Number of protein chains: 2
Amino acid sequence: MKEGPDIAHVAALIGDPARANMLTALMSGKALTVSELAEEAGVTIQTASSHLSKLDEGGLLRPRKQGRHKYFSLAGDEVAHVLEGLMGLAAGSGHVRKRTGPKDAELRKARVCYNHLAGDMGTQMFDSMMDNGHIMLDGGDLALTDEGAAFATGFEIDLDALRKARAPLCRECLDWSERRSHLAGSLGRAFLTRFEELSWAKRDQKTRVVAFSRNGAKEFTRLFLVG
Amino acid sequence: MKEGPDIAHVAALIGDPARANMLTALMSGKALTVSELAEEAGVTIQTASSHLSKLDEGGLLRPRKQGRHKYFSLAGDEVAHVLEGLMGLAAGSGHVRKRTGPKDAELRKARVCYNHLAGDMGTQMFDSMMDNGHIMLDGGDLALTDEGAAFATGFEIDLDALRKARAPLCRECLDWSERRSHLAGSLGRAFLTRFEELSWAKRDQKTRVVAFSRNGAKEFTRLFLVG
DNA sequence: TTCATGGTTCGACCTTAGTCGAAGCATCAA
DNA sequence: TTGATGCTTCGACTAAGGTCGAACCATGAA
């Protein structure tokens, strides 16, 4: 009743079904308009607008105006991180969203978590990079080693550009399906983008599923060998 | 509207002020009775009972009956982890619970997070153990190295007993105040217990504050040097 | 200007759920 | 048994907030 920040307010924001659906949709990492989010949540545009302004006020979203459209995306990694955590709790307590269809298997295999790769393949990538000393935990923060920097550059990722932005380069993020870490942060995002550029993988437009091509999966496992 | 676990339900559970207060109280790691939690939340016993059964049903709590008392504690590390994450979001968006009194400084310095040490001193301990190679990140999971095992045993922690329990030995947990990791899991708990046994530190009964004695703090910093 | 489209604001419903009083169990102690 | 304590269940009250229709802005295109 006295100590610590006000959990209840934030949690209540996430706790409404319509808003939760919107947030889940935004976990795809894409910025969506009010009408798209309304559709996603199954409510009219007015109510969606109301919900979105509340979420925004709560600091969970980042709004951007473009012409007469208003795009919303998650405010940052921390938000995505908490959402994944909640999904973990929900999944754990058997309260899965309806039955687990075929989609679910794909989601566990590879999905997009805000803007980086999550699921089975995400943790595989993370494990491999740890094993090879490309990344390491440095006092609670994840850091890119020199070898890792070389590795990323070799994969044609522009590290200098990433470093210029103030967003943290490496971050770890916990999966709800795997209960293990995967790579988040701007580097995590860059890797996923690169996979798409190389046509190794393609994001599903509607869901959070990341579909790897046969060849893409092969290249991926070659790149991210595990012990 | 279709994919992933049902966030809304869990979040709504946490989203009620009374329940949030109870959960925050349980972050102290202690098991509390229905009446104690009612007091903590500022509601009557009936409503507390109702809330607690909902939280229990949602898988957030672990109830235990002892005589005519019913004790509740958090269901596990994951729950505490998510709660800390929510605190981080709440703190970040300026929605701190009322004003930050003198208590708040103490909370940032050293506090109990579910059952282990968090706050400034918690991350210091974590950093030190990482630097000295006592713990390391092994494929997303935190692992105790041989040196670390020797270190813990030297500190008179019964590792064999801990290993017997099914709970994970090492876990990392993210602070809302520090935004850095600290050591959770049964080992994290054991360390805190040991600090208390040695009278280095004492938990405040009412809040989550961990008060280190002058000597305890000295010993602590000697033990957990940071490079 | 005029029209169309994307969002917001306002106001009025109405369901949901938190709240407590009162009564009912269960456990323990004489 | 009687009484006390801790908790649960029931029922009724009430307030909070999600929902949508309708009207209102704002932007862009003809």
Side-chain angles (χ1 to χ4, degrees), chain A residues 1 6-26 30-73 90 93 95 97, chain B residues 1 6-26 30-74 90 95 97:
Chain A
M1 197 166 179
D6 182 15
I7 283 191
H9 182 233
V10 195
L13 281 178
I14 311 176
D16 175 78
R19 288 195 290 257
N21 284 331
M22 297 181 183
L23 291 170
T24 314
L26 290 172
K30 290 193 299 189
L32 300 175
T33 69
V34 178
S35 0
E36 288 170 326
L37 288 165
E39 164 91 1
E40 199 70 36
V43 294
T44 62
I45 303 188
Q46 310 95 289
T47 62
S49 175
S50 155
H51 283 310
L52 288 168
S53 53
K54 283 175 193 174
L55 287 173
D56 183 20
E57 202 172 354
L60 297 181
L61 298 184
R62 190 162 69 92
R64 263 171 302 179
K65 270 183 136 169
Q66 250 171 58
R68 51 183 167 185
H69 293 269
K70 191 164 178 186
Y71 287 93
F72 284 96
S73 51
S93 61
H95 275 170
R97 183 155 209 73
Chain B
M1 195 163 181
D6 182 15
I7 282 190
H9 182 233
V10 195
L13 281 178
I14 311 177
D16 176 77
R19 288 195 290 258
N21 284 329
M22 295 180 182
L23 290 171
T24 313
L26 289 172
K30 290 192 299 189
L32 300 174
T33 69
V34 178
S35 0
E36 287 169 326
L37 288 165
E39 164 91 2
E40 199 70 36
V43 294
T44 62
I45 302 188
Q46 309 95 290
T47 61
S49 175
S50 156
H51 284 310
L52 288 168
S53 55
K54 284 176 191 172
L55 287 173
D56 183 21
E57 202 173 353
L60 298 182
L61 297 184
R62 191 163 70 90
R64 264 170 299 178
K65 269 182 137 169
Q66 249 171 58
R68 52 185 164 180
H69 293 268
K70 192 165 180 185
Y71 286 94
F72 285 96
S73 49
L74 294 187
H95 274 169
R97 183 156 210 72

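Letters A, B, ... mirror the listed sequences (proteins, then strands); counts begin at 1. Keep in mind it's a predicted model, so treat the numbers as computed, not measured.
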> Hey, is the side chain of A:Thr47 poking within less than 4.0 Å of OP1 or OP2 on D:dC20, counting only N and O atoms?
Replying inline: yes
>> Given the structure, check if the side chain of A:Gln46 and the base of D:dG21 hold any donor-acceptor pair shorter than 3.5 Å.
In response: yes
>> In whole Å, I'd like the distance from the CZ atom of A:Arg68 to the P atom of C:dT8.
In response: 14 Å
> Between the side chain of B:Ser50 and the main-chain N/O of B:Gln46, is any donor-acceptor distance below 3.5 Å?
Replying inline: no
> D:dG6 P sits how many Å from B:Phe72 CZ, rounded?
Replying inline: 16 Å
>> Below the 4.0 Å mark, does D:dC7 have OP1 or OP2 next to a side-chain nitrogen or oxygen of B:Ser49?
In response: no
> Closest approach of B:Ala12 and B:Arg19, non-hydrogen atoms and distance?
Replying inline: O-NH2, 3.3 Å
> Can any side-chain N or O of B:Asp56 pair as donor or acceptor with the backbone N or O of B:Leu52 at less than 3.5 Å?
Replying inline: no
> For B:Ser35 and D:dG6, is the shortest distance between a side-chain N/O and OP1 or OP2 below 4.0 Å?
Replying inline: no
> Please give, in whole Å, the distance from D:dG18 P to A:Leu52 CG?
Replying inline: 13 Å
> Would you say D:dT8 has OP1 or OP2 under 4.0 Å from some side-chain N or O of B:Ser50?
Replying inline: no
> Within this structure, what is the CG-to-C1' distance between B:Asp16 and D:dG17, rounded to whole angstrom?
Replying inline: 13 Å
>> Looking at C:dA26, I'd like to know if its phosphate oxygens (OP1 or OP2) sit under 4.0 Å from a side-chain N or O belonging to B:His69.
In response: no
> Looking at B:Lys70, does any N or O in its side chain come under 4.0 Å of the phosphate oxygens OP1/OP2 on C:dA26?
Replying inline: no
> Within this structure, what is the CE-to-C1' distance between A:Met22 and D:dG18, rounded to whole angstrom?
Replying inline: 11 Å
> Pick the nucleotide of DNA chain D nearest each of B:Glu36 and A:Thr44; which residue has the one closer to the 5' end?
Replying inline: B:Glu36
> What's the NZ-P distance between A:Lys54 and C:dT9, to the nearest Å?
Replying inline: 12 Å
> So, is B:Arg19 near the phosphate of C:dG18, with a side-chain N or O under 4.0 Å from OP1 or OP2?
Replying inline: yes
> Has the side chain of B:Ser49 got a donor or acceptor atom that lies under 3.5 Å from a matching backbone atom of B:Ile45?
Replying inline: no
> What is the minimum heavy-atom distance between A:Tyr71 and A:Ala31, and which atoms define it?
Replying inline: CD2-O, 3.6 Å
> Does B:Lys65 make a side-chain N or O approach to OP1 or OP2 of D:dG6 shorter than 4.0 Å?
Replying inline: no
>> In whole Å, I'd like the distance from the CG atom of A:Asp56 to the P atom of C:dT9.
In response: 12 Å
> Expressed in angstrom and rounded to an integer, what is the separation of A:Leu55 atom CG from D:dG18 atom C1'?
Replying inline: 13 Å
> Counting any heavy atom closer than 4.0 Å, what does B:Ser53 reach on the DNA or RNA strands: base, sugar-phosphate only, or nothing?
Replying inline: nothing
